[in-house]
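For reference, the structure discussed in these notes is given below.
The analysis underlying the following values was restricted to heavy atoms, covering all of them including side chains, and did not include hydrogens, waters or symmetry mates. Residue numbers start from 1 in every chain, and the chains themselves are labelled A, B, ... in the order their sequence lines are given, proteins ahead of strands.
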Protein chains: 2
Amino acid sequence: MSSRPLRSDARRNLERILEAAQHLFADRGTQVSMEEVAQRAGVGVGTLYRRFPTKEALLTALVRERFRDFTAVATAVAAEEVAEHALATLVRRHAEAIAVDGAFQLAMMSTDSFRWEGVEDDKRAFAAVVSEVIGRGQAAGVVRGDLDFEDYATVMAGVTATMHFRPGADWRRAVELALGGLRAP
Amino acid sequence: MSSRPLRSDARRNLERILEAAQHLFADRGTQVSMEEVAQRAGVGVGTLYRRFPTKEALLTALVRERFRDFTAVATAVAAEEVAEHALATLVRRHAEAIAVDGAFQLAMMSTDSFRWEGVEDDKRAFAAVVSEVIGRGQAAGVVRGDLDFEDYATVMAGVTATMHFRPGADWRRAVELALGGLRAP
DNA sequence: ACCTGAACACCGTTCAAGT
DNA sequence: ACCTGAACACCGTTCAAGT
């Protein structure tokens, strides 16, 4: 990835693929077929596979974008919110963002998705912000002293499972229960 | 279901199917094919589908068994453990039981699986025991006052997501974080 | 370089033929 | 009643032919 620039038609196709995929996956979840993504993007399946070797790779590319979007949100929260409430606000906002996007949900739950090209960088940037928020909460005495970014990921994965697999359940309640586990005893 | 008794050969086939499926799904997860289950059970796929209209139905039948097994464990915990620790013990033991069984994991995460014939009864029995344990913990002042069985299911679904989707992550840590959310503030 | 779509592989599910 | 397995449908992925 990120070798020489794409030919202009290829570049345009790539954009259309990403847009089509984002729409379809966010709306109707992961079970949308590659064929349908290609159709909506106005390309053949072969083109799709030329850019993304597997369906999961396509999903991951989308998720990287969401990840970066949300890192920006997290940075804003870190800047604006007082140390006592920053982590709780972050968790709640993150949950809202995940709730509306089926692809993002999948990504939050699995480690595998995070192994694809370059995701590590995005993750690192995100982890840095979250860690800072956790640290300030700990300094303020409201966040569990041994909490780290991995724990944050674990907890968000749990909340996401409720959203994704238990449509009837109240995921906001799941968020509040999870927050109880993050607080200093 | 539970109409007239099966012919003896059919009964034997059913047993072999359940045993084969339990083994395969627990070991290698849900992606094991119906064909392979049939083969291991020594029957044709058609026979498999005669007993279970879909793969999910088969999974659910297995899960009902696990559910009943675990209700027995929960009952024992309720009887033996002091009110202050019973819920935590239950959660930890439940997590252990889920960890070793891929089919059980799937079931803990999804509501859909719980809609199949008769599962409601098993669930009710399980819910009764869990609710009692929660109630005694609340009376002892160590469990969050507004906690109910739905919350228990939500929390276990979250822990299960970590087991299922994040093989690298430490699910015991997820359990401990979750327990923090169940305690009285 | 890049695009296309027919073809392949795999798997869940069905059903005609058999006992 | 029950059993079998070939056949069908669907979908992820590949690749020969074309620009």
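Arg12(A) places its CZ atom 12 Å from the P atom of dC3(C), with the value rounded to the nearest Å. Atom CG of Leu14(A) and atom P of dC2(C) are 11 Å apart (whole Å). Atom CG in Leu24(B) sits roughly 15 Å away from atom C1' in dC11(C) (whole-Å rounding). We find that CG of Leu6(B) is positioned 14 Å from C1' of dC3(D), with the value rounded to whole Å. In this entry the distance linking CG of Leu58(B) with C1' of dC11(C) reads 15 Å, nearest Å. For the pair Leu48(B) CG and dC2(D) P, the computed distance is 15 Å after rounding to whole Å. Regarding Phe25(B), its CZ atom lies at a distance of 12 Å from the C1' atom of dC11(C), rounded to whole Å. Taking atom CD of residue Gln39(A) and atom P of nucleotide dC11(D), one finds them 12 Å apart after rounding to whole Å.
Proximity of Leu87(B) to Glu81(B): side-chain heavy atoms (C-beta onward) are nowhere separated by under 4.5 Å. In this structure, the side chains of Thr60(B) and Phe52(B) stay at 4.5 Å or more apart for every pair of heavy atoms. A heavy-atom distance below 4.5 Å is not found between the side chains of Met34(A) and Gln39(A).
Linking Ile, Leu, Val, Met, Phe, Trp and Tyr whenever their side-chain heavy atoms come within less than 4.5 Å puts Phe104(A) and Val91(A) in one cluster.
Proximity of Asn13(A) to the phosphate of dC2(C): no side-chain N or O atom is located under 4.0 Å from OP1 or OP2. Side-chain nitrogen and oxygen atoms of Arg50(B) include at least one within less than 4.0 Å of the OP1 or OP2 phosphate oxygen of dC2(D). In this model, the phosphate group of dC2(C) is approached by a side-chain N or O of Arg51(A) to a distance below 4.0 Å at OP1 or OP2.
Closest approach of Glu36(B) and Leu24(B) over heavy atoms only: O-CD1, 4.0 Å.
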For this session: Would you sketch DNA chain D in dot-bracket for me? Only Watson-Crick or G-U wobble pairs with both distances under 3.5 Å count, crossing pairs as [ ], other-strand pairs as |, the rest as dots.
Result: ||.|||||...|||||.||
For this session: Heavy atoms under 4.0 Å is the rule here; annotate nucleotides 12-17 of chain D 5' to 3' with B where the base is hit, S where only the sugar-phosphate is, and - elsewhere.
Result: SBBB--
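Taking CG of Asp69(B) as the start and CZ of Phe126(B) as the end, the distance is 11.5 Å to the nearest 0.5 Å. Rounding to the nearest 0.5 angstrom, the gap separating the CG atom in Asn13(A) from the CG atom in Leu6(A) is 10.0 Å.
Judged by distance alone, the side chains of Thr154(B) and Arg166(A) do bring a donor and an acceptor atom under 3.5 Å apart.
Note on ring orientation: taking the six-membered ring where Trp is involved, the planes of His94(A) and Phe70(A) are parallel (angle under 30°, cut-offs 30° and 60°).
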